[in-house]
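First the structure, in the form of structure tokens, and then the observations on it.
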Amino acid sequence: MGDEQARGGCGYGTVEERNADGKILSSCISDPKGHFMMQISPVDSFALTISCLGYKDYSRKEQGRKDTYIEAVLDSDAFELGEVTVRSKMPVIHREVDRMVLNAERLNSTANTVMDVLKRAPGVIVQDDDISMLNKGKLVFLMNGRELKMDTKGLITYLKSLPSGSLQKIEIMTTPPAKYTAEGDAGVINFVTKKLKNNFIGGFVSNVLSVKEHTYDDPSISLQYKYNKVEAYVTVGGGMGKMQYDGLRTIDYPAETWSTTERRIKSNDYIMATSGIDYALTSHSTLGAIFAFNNMRPDADRTADTQVRSSSQEITRDFETLTNYDSNYNRYNANIHYTDNQFVKNGMMDFNIDYVNYHIDDEVNLQTTHDEGLNYLNRPRTLIRIFQAKADLENNLGKVKLSYGAAYSRSKTRSTTNYEYISSHEDLNDDFIYREDILAAYADMRWKLSDHWDFKLGLRGEYGRLDGNSVKLQQRTVKHQFDLFPTAFLEYSWNDSKSLYLSVTSRINRPVYADINPFTTYTDAHTITTGNPELLPEKSYSSELGYTWDDFTISGSMLFRKRVISAYTYVDAASKLTTNTVDNMMKNRMYSLDASYYFDKVSWFDWSTDLSLYTLVSRPTQGYDLPRVTNTAVYAYTNVNVFFDHQKNFSANIWGQYESKQKDVTGESPATYRMDIGLKYMLFHKKLSIGIAGQNLLASHSKSIVRSSATKYVYDYKPYRVFKLTLTYRFGKDLNMKSKHFGISNDRL
């Protein structure tokens, strides 16, 4: 619904929106002058309560409408104070029927960017240039319910450029409802922002300098503007410098061992820009557009030294593989959206059209020396075009809320390889076209059964047409499929901070074009990579039972997956040729017990931790002579902040994780651990932040072990230790702001 605005002299007051049952629907904290803005839930009426130290509590009933301006005058409640303990009313974790809601107001005390807040969110793991969720695969990211169609690099740059003060809450859906795509074993993270202050221009400047063997830099700047009916933003980020990665590959044959020491130096050159504009057509409708551009040149030079030793450790072969990889990656996307909060009575409509274009031109120059003579120059090219349209509607019918909608997605990918020469005289040139059409429709019904019981039931149907065409091989595979994905959620809540919940859902994971592309590519003279055009979609079914009490959550879940798409390494001991491919290799079941806790009961310390104990039972599919495996593992993650002053301007952060050995039918990974340490100092009312951090200060090697018949294949990568220096600065200015006669006031004192 609309916004609440107020201003006056009661700083840091707690403002809450409550329904007829007294349950908190949303909340915020006023600024030092008493200003606040708050997104109001789509209800017919609500009670607004304001509490502030030194004043009597204030409460009034309001009718739900687009924009509500409150003139709230608080009476003095002055008396002689003895020892006082101040406690926050809202827990960090608030459970709703289909999602966990994190209160950003309590997470951003030492944060400058949205990315900083996300790092402190229980259940979310942020490390390096990756964001993951416990026991989840691909993540879907939303901003105010609208999907952020960005690649990982662009998403992280964007989140690092948004000020933390703009964030109201983070919604985490471990089992997404029917409204969201059924693709992948994904979780959904929705960032809900505060509405930008009117007549305002401001922004954020950030730079991250990283030093290891090489130096690389990631500067960015964002601007936000709002004047009357127009709201706009632009974010620009870039990168420069180089990064280095070192690893070791070992193949143990019955009579000899092949060891390859690898060093890869990769450029950090990129530029990204995202801009958006929204125009308020009426008091209840908005038309907007988003445009984004991303150019990356992740050029890399790879040097791999291979030695072959006999059983007596005598070197029988020795050669180097030198690979120069030049890439030019361009990505463009555009979005047009329309939102109407009164499209139907007590409901809303949201309509989105997206267009995405990828254009990737690479050049791979590979040379081998000494005992081997493989050389080639290849110019692969990939062009991807995606069109999507989506319409969502909602109706509020008292205790029942209906959501329904439809979506259509069409994508076309064309990949070509063009070998200017290859020493083996093989014809590896190819042309592969992959088309995918997905038509989906869904319906959700949420029913508030009583003050304590909340129920949500949904159904999503998706029809897919997957068309893979190898032009050179004259092989075309067309698959048609229709799937139904039911979802169900049930919650019993004793109060705002204590609830029991149950969820059941199903998902699908369709092969991506790179997995079904039958191209054969040489990594070196004895290692090739090939796709599998016969891949089938992977299906999964999961259920979760959990309990939330204040800032503590514990849950048990079960996940069943069939036709699991997995990488597979096959080693031919006779020809000494290693083939990397993918296939529907197994089915598995996972039973997991997860817990998360956020502690901030003392002013100088806060701590979030996640713990997972899980058992994976994996069975090979028919045709694979692989062992059945049952493996129990544990995962622990912790994030500690220590504050050295009352205002929390100077703080230290310790971040760590541990995972025990993992194993399934395709291989295993030994236990891993890691710890990062950082210091941050904030100045000028927390507008300027200076941070230093050591990444991977204590860390294990990352290893994976694959066995094929009597052969063992081991990947071993050294930890990437790096020193980081971060500078961020937030700025803003009011534009011709006129005084208004509303707000929290102390006139009666």
Side-chain angles (χ1 to χ4, degrees), residues 91-93 100 102-104 106-108 110-111 114-139 141 152 156 159 170-174 185-189 544 546-557 559 590-600 605-616 631-642 651-662 669-678 680 693-703 719-722 724:
V92 169
I93 302 171
M100 180 172 64
L102 305 178
N103 183 359
R106 280 183 59 185
L107 290 173
N108 68 6
T110 60
V114 170
M115 194 69 169
D116 292 336
V117 180
L118 190 62
K119 289 178 180 178
R120 302 177 66 189
V124 180
I125 302 160
V126 179
Q127 58 180 17
D128 307 335
D129 289 331
D130 188 38
I131 305 171
S132 59
M133 192 184 295
L134 211 57
N135 295 328
K136 292 294 175 183
K138 171 187 172 184
L139 295 183
F141 295 90
T152 303
I156 290 176
L159 296 180
I170 302 175
E171 297 177 340
I172 297 177
M173 290 163 263
T174 55
D185 178 26
V188 175
I189 297 179
E544 181 180 8
Y547 176 72
T548 297
W549 184 12
D550 289 334
D551 298 331
F552 173 73
T553 295
I554 186 169
S555 65
S557 62
L559 171 66
M590 185 172 71
Y591 306 94
S592 178
L593 180 63
D594 307 316
S596 66
Y597 179 62
Y598 183 84
F599 175 86
D600 66 345
F605 173 84
D606 69 36
W607 168 52
S608 65
T609 188
D610 294 275
L611 181 66
S612 178
L613 177 65
Y614 58 93
T615 297
L616 181 67
N631 182 68
T632 299
V634 63
Y635 178 88
Y637 165 82
T638 189
N639 192 342
V640 177
N641 292 282
V642 179
S651 62
N653 172 258
I654 302 175
W655 180 99
Q657 70 175 27
Y658 170 80
E659 187 164 24
S660 61
K661 184 178 76 172
Q662 302 177 76
S669 298
T672 59
Y673 61 88
R674 171 180 173 175
M675 186 177 72
D676 299 353
I677 297 177
K680 180 186 288 187
Q695 179 179 306
N696 280 323
L697 287 184
L698 295 176
S700 61
H701 286 222
S702 297
K703 292 184 179 181
Y720 188 73
R721 294 187 175 91
V722 62
K724 290 182 177 287

Residue pair T632, L613: steps toward the side chain to side chain contact (heavy atoms under 4.5 Å, CB included) verdict: CA-CA 7 Å; T632 299; L613 177 65; 4.1 Å; yes
W607 side, atom CH2; N641 side, atom CG - distance, nearest 0.5 Å: 13.0 Å
Side chain to side chain contact (heavy atoms under 4.5 Å, CB included) between D551 and D600, intermediate numbers included: CA-CA 9 Å; D551 298 331; D600 66 345; 4.3 Å; yes
N696 backbone acceptor or donor facing D676 side chain under 3.5 Å: yes
Residue pair L559 / S592, side-chain heavy-atom distance below 4.5 Å: no
Test log, rule side chain to side chain contact (heavy atoms under 4.5 Å, CB included), inputs F141 and I131: CA-CA 10 Å; F141 295 90; I131 305 171; 3.8 Å; yes
Where Y635 and Q657 come nearest, the two heavy atoms and their spacing: OH-OE1, 2.9 Å
Matching residue for I170 among V114, V117, N103 - test: side chain to side chain contact (heavy atoms under 4.5 Å, CB included): V117
Of V640, V642, N639, I677, the residue whose pairing with N653 passes side chain to side chain contact (heavy atoms under 4.5 Å, CB included): N639
CZ on F552 to OG on S596, rounded to 0.5 Å: 7.5 Å
Distance in Å, T672 OG1 paired with E659 CD, rounded so as to fall on 0.5 Å steps: 5.5 Å
Residue pair W655, Q695: steps toward the side chain to side chain contact (heavy atoms under 4.5 Å, CB included) verdict: CA-CA 9 Å; W655 180 99; Q695 179 179 306; over 6 Å; no
Under 3.5 Å donor-acceptor, T609 side chain and Y597 backbone: no
Under 3.5 Å: donor-acceptor pair, side chain of N631, backbone of K661: yes
Residue pair S700 / A671: nearest heavy atoms and the distance that separates them: OG-O, 4.2 Å
Side chains of D594 and D610 in contact at under 4.5 Å (non-hydrogen atoms): no
M675 side, atom CE; Y658 side, atom OH - distance, nearest 0.5 Å: 16.0 Å
Results of side-chain hydrogen bond (donor to acceptor under 3.5 Å, both in side chains) for T548 - residues two or more places apart only: T553
From CE (M590) to OG1 (T615), nearest 0.5 Å: 10.0 Å
Atom pair OG (S555) and CG (L593), whose distance is rounded to the nearest 0.5 Å: 7.0 Å
